[in-house]
Amino acid sequence: MGHKYSMKILVYFSGKLYEAKGTPIRTRNMVAQLLKNSADVYYAGYDKPKELTDSKFLLLTSKLKRIGGLISFVRKNNIDLVYIQTSAGIWYAPFITLFTKARCGVDFHSRRFQEEKMYKKKGTLWLFFFEQLELFFASFLVFGTAVSHTLTKYYGRRVKKLLTVPVGVDTILFSPNIAPRKDIMEWKGDSTLIAYAGNTKWYQGIDVLLEQFAKISKEHRGIFKFLVIASSGIEDVETFMKKEGLSSSVKVLDKQPHEEIPSLLASADILTVVRPSDMVTEFSFPSKLPEYAALGKVLIVSDVSDIGEYIHSGDNGIIIKAGDTGALYEALFQASDKTLQKNLGENARRLAVSVFDLNELGKKVYSFLSGIK
């Protein structure tokens with residue numbers, strides 16, 4: 001029998017692989033799923049994936065030396081595809097394309113320079129120059145995957161082979177059968193528990209959620225409690241709590257290991273993603289949404305990016321217009337109904353299993369990459 005050829009794929013990520021954040025989680029999942037689908041996977045980054053041997057790992061050095069190291073590693077191992085996680089690595093694509101036989105692609109998570117402009121207050125001319133330069137560099141890409149259709153459309157001007165792949169979830173790790181943490185349940189008591197896990201900076205909409213929770217707490221004391229698991233920005237939430245006198249009804253936990261998140265969120269009745277609509281949120285996709293859905297909870301979400309393609313009010317969640325504080329206030333009360341929680345939660349779980357399950361998305365990605373010529 002002849003030897004079956006296995007495509008050699010180098011996954012590149014310049015961040016910390018084992019952080020409990022969206023991009024590292026997506027990168028870890030990509031590596032695991034490619035391996036599961038029989039790809040011959042190599043990795044370049046600061047942390048070695050646990051599944052790989054040392055010979056298949058390239059430790060990233062300084063930026064000045066990095067491109068030379070990448071080119072040498074790709075040549076030495078006869079890599080077929082270099083799969084770059086996030087558009088930040090797009091700047092290496094021309095060099096890899098010109099000096100190796102590998103074909104380059106990017107997994108797009110957002111429009112990077114729009115984020116720079118919004119969060120770091122960069123100027124309009126700066127944004128225009130770097131976005132045009134990035135689109136030129138994208139011409140060297142052969143393929144790409146993206147978390148949203150808006151990203152696929154934007155980069156499709158330069159990258160012809162593009163696949164929209166939403167963020168996936170391990171539907172076994174995140175499951176309705178997960179036992180909730182005892183200490184959280186004791187604190188929750190008879191209240192309806194709202195929860196949010198992730199970055200607590202303003203661009204996630206956490207300020208709007210806290211404001212409406214404060215309003216409800218003053219008008220209907222004791223009915224609701226709020227659990228915040230903050231991957232960053234915990235100080236802002238704590239300051240707001242003290243100012244509004246919410247210390248007894250809001251519990252804030254600092255960054256938690258990813259494997260601990262399911263048992264923490266399992267104690268909640270309502271899970272929330274109420275992002276504002278802007279040039280960042282309309283292109284990105286919240287990694288927390290598939291995890292929330294897999295837990296079989298009521299979801300309250302804002303209609304940004306692709307969220308409205310998956311969540312439908314009255315069927316598998318409650319969707320509101322971004323920035324509509326009145327609708328958010330009403331939705332929190334609506335979602336406290338136990339019958340509604342059961343029905344919407346069961347449908348959210350079905351959505352996670354049918355659309356967001358990592359195994360199915362992994363097969364889809366590998367099939368796509370296998371067709372790259």
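If you read the sequence from its start, that first residue is 1, and numbering goes on from there.
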Looking only at heavy atoms, the pair that brings F140 and T97 closest together is O-OG1, 3.3 Å

Please check this pair: side chain of R75 against backbone of F99, looking for a donor-acceptor N/O pair closer than 3.5 Å.
yes

> Quick check: are there more than 12 heavy atoms from other residues, nucleotides or ligands sitting under 6.0 Å from CZ of F136?
Replying inline: no

For K297 and A266, the nearest pair of non-hydrogen atoms, with its separation, is NZ-O, 2.8 Å

Sequence neighbours excluded, the answer for side-chain contact (heavy atoms from CB on, under 4.5 Å) partners of S139 is R158

Can you check whether W187's main-chain N or O pairs, donor with acceptor, with K225's side chain at less than 3.5 Å?
yes

Hey, can you pull the donor-acceptor pairs under 3.5 Å for the side chains in residues 314-327, sequence neighbours left out?
{"residue": "D315", "atom": "OD1", "partner": "N347", "partner atom": "ND2", "Å": "3.3"}
{"residue": "N316", "atom": "OD1", "partner": "H312", "partner atom": "N", "Å": "2.8"}
{"residue": "N316", "atom": "ND2", "partner": "Y310", "partner atom": "O", "Å": "2.9"}
{"residue": "D324", "atom": "OD1", "partner": "G326", "partner atom": "N", "Å": "3.3"}
{"residue": "D324", "atom": "OD1", "partner": "A327", "partner atom": "N", "Å": "3.0"}

For residues 88-99, the salt bridge (charged side-chain N to carboxylate O under 4.0 Å, His left out) pairs (sequence neighbours left out) are none

For the pair R349 (side chain) and T171 (backbone), establish whether a donor and an acceptor sit closer than 3.5 Å, ignoring hydrogens and angles.
yes

Hits for side-chain contact (heavy atoms from CB on, under 4.5 Å) against E235, two or more places apart or cross-chain, chain-then-number order -> none

Donor-acceptor pair, side chain of S305 and main chain of S284, under 3.5 angstrom:
yes

The reported gap from OG1 in T23 to CG in D107 (rounded to nearest 0.5 angstrom) is 8.5 Å

- Message: Is any side-chain heavy atom of S87 closer than 4.5 Å to one of F108?
- Response: yes

Rounded to the nearest 0.5 angstrom, the NZ-CG distance for K36 and L34 is 11.5 Å

Scanning both residues in full, the closest heavy-atom pair of S14 with R66 reads CB-NH1, 4.0 Å

Hey, can you tell me if Y43 and F57 have their rings parallel, tilted or perpendicular (30° and 60° cut-offs)? parallel

Hits for salt bridge (Lys or Arg N to Asp or Glu O under 4.0 Å) against E346, two or more places apart or cross-chain, chain-then-number order -> K342

Notebook entry, point to check: Counting N and O atoms only, with roles assigned by atom type, does the side chain of K251 sit under 3.5 Å from a partner on the main chain of V228, one being a donor and the other an acceptor?
Noted result: no

Original post:
Taking Y292 for the side chain and A197 for the main chain, is one N or O donor matched with an acceptor at less than 3.5 Å?
Top reply: yes

For S38 and Y366 the tightest heavy-atom approach is O-OH, 4.1 Å

**Prompt:** F224, V301: one ILVMFWY side-chain cluster at the under-4.5 Å cut-off?
**Reply:** yes

Given the options L58, L60, T27, Y12 meets side-chain contact (heavy atoms from CB on, under 4.5 Å) only with L60

Residues 298-307 vs salt bridge (charged side-chain N to carboxylate O under 4.0 Å, His left out), sequence neighbours excluded, gives none

Across all chains, not counting sequence neighbours, the salt bridge (Lys or Arg N to Asp or Glu O under 4.0 Å) partners of E282 are none

_For a 4.5 angstrom cut-off between non-hydrogen side-chain atoms, does I311 reach L351?_
yes

- Report yes or no: does S175 contribute a side-chain atom to a donor-acceptor pair with the main-chain N or O of N177 at less than 3.5 Å? yes

Nearest heavy-atom contact between I372 and K161 is CD1-CD, 3.7 Å

Polar side-chain atom of S148 near backbone of L151 as donor-acceptor pair, under 3.5 Å = yes

Within 6.0 angstrom of F368 CZ, more than 12 heavy atoms from elsewhere: yes

| request: Apply the test salt bridge (charged side-chain N to carboxylate O under 4.0 Å, His left out) to residues D47 and K16: give CA-CA distance (whole Å), side-chain angles for both, the deciding distance (0.1 Å), then the verdict. | output: CA-CA 7 Å; D47 315 90; K16 295 179 180 178; over 6 Å; no

Notebook entry, point to check: On the ring face of Y42, is K56 found with NZ or CZ under 6.0 Å from the centre and within 45° of the axis?
Noted result: yes

Are side-chain heavy atoms of V82 and Y92 found at a separation under 4.5 Å?
no

Can you tell me if K338 has over 12 outside heavy atoms packed within less than 6.0 Å of its NZ? yes

Applied to residues 130-155, the salt bridge (charged side-chain N to carboxylate O under 4.0 Å, His left out) test, sequence neighbours excluded, yields R111-E131

Please tabulate, one pair per line, all N/O donor-acceptor pairs under 3.5 Å involving side-chain atoms of residues 328-336, not counting sequence neighbours.
{"residue": "Y329", "atom": "OH", "partner": "E219", "partner atom": "OE1", "Å": "2.2"}
{"residue": "S336", "atom": "OG", "partner": "F333", "partner atom": "O", "Å": "2.6"}

| task | May I ask you to decide if the ring planes of F213 and F226 are parallel, tilted or perpendicular, using 30° and 60° as cut-offs? | result | tilted

(message) I'd like to know if the side chain of K101 and the backbone of D80 have a donor-acceptor N/O pair within less than 3.5 Å.
(response) no

The reported gap from CG in L210 to OG1 in T200 (rounded to nearest 0.5 angstrom) is 8.5 Å

*Exceeds 12 heavy-atom contacts within 6.0 angstrom, atom CG of L125*: no

Those residues at least two apart in sequence (or on a different chain) that pass salt bridge (Lys or Arg N to Asp or Glu O under 4.0 Å) with K188 are D269

For residues 351-367, the salt bridge (charged side-chain N to carboxylate O under 4.0 Å, His left out) pairs (sequence neighbours left out) are E360-K363

#### Entry: F128 CZ: over 12 foreign heavy atoms closer than 6.0 Å
no

CG of L265 to CG of L271, rounded to nearest 0.5 Å, is 5.5 Å

For H149 and F285: C-alpha separation, side-chain torsions, deciding distance, then whether ring pair (Phe, Tyr, Trp, His ring centres under 6.0 Å) applies.
CA-CA 10 Å; H149 288 93; F285 187 83; 9.7 Å; no

Single-linkage hydrophobic cluster, 4.5 Å side-chain cutoff, V353 and V167 together:
no

Heavy-atom nearest pair, A93 first then L141, reads CB-CD2, 3.6 Å

Q.
Would the distance check show the side chain of T281 and the main-chain N or O of P276 forming a donor-acceptor pair, the cut-off being under 3.5 Å?
A. yes

- prompt: Does V273 belong to the same Ile/Leu/Val/Met/Phe/Trp/Tyr cluster as I25, with side-chain heavy atoms less than 4.5 Å apart forming each link?
  reply: no

May I ask you to check whether over 12 heavy atoms, not counting those of I172, lie within 6.0 Å of atom CD1?
-> no

Contacts of P24 meeting side-chain contact (heavy atoms from CB on, under 4.5 Å) (sequence neighbours excluded), chain-then-number -> F13, E19, K21, R28

Side chain proximity check, F174 to I261, heavy atoms < 4.5 angstrom:
yes

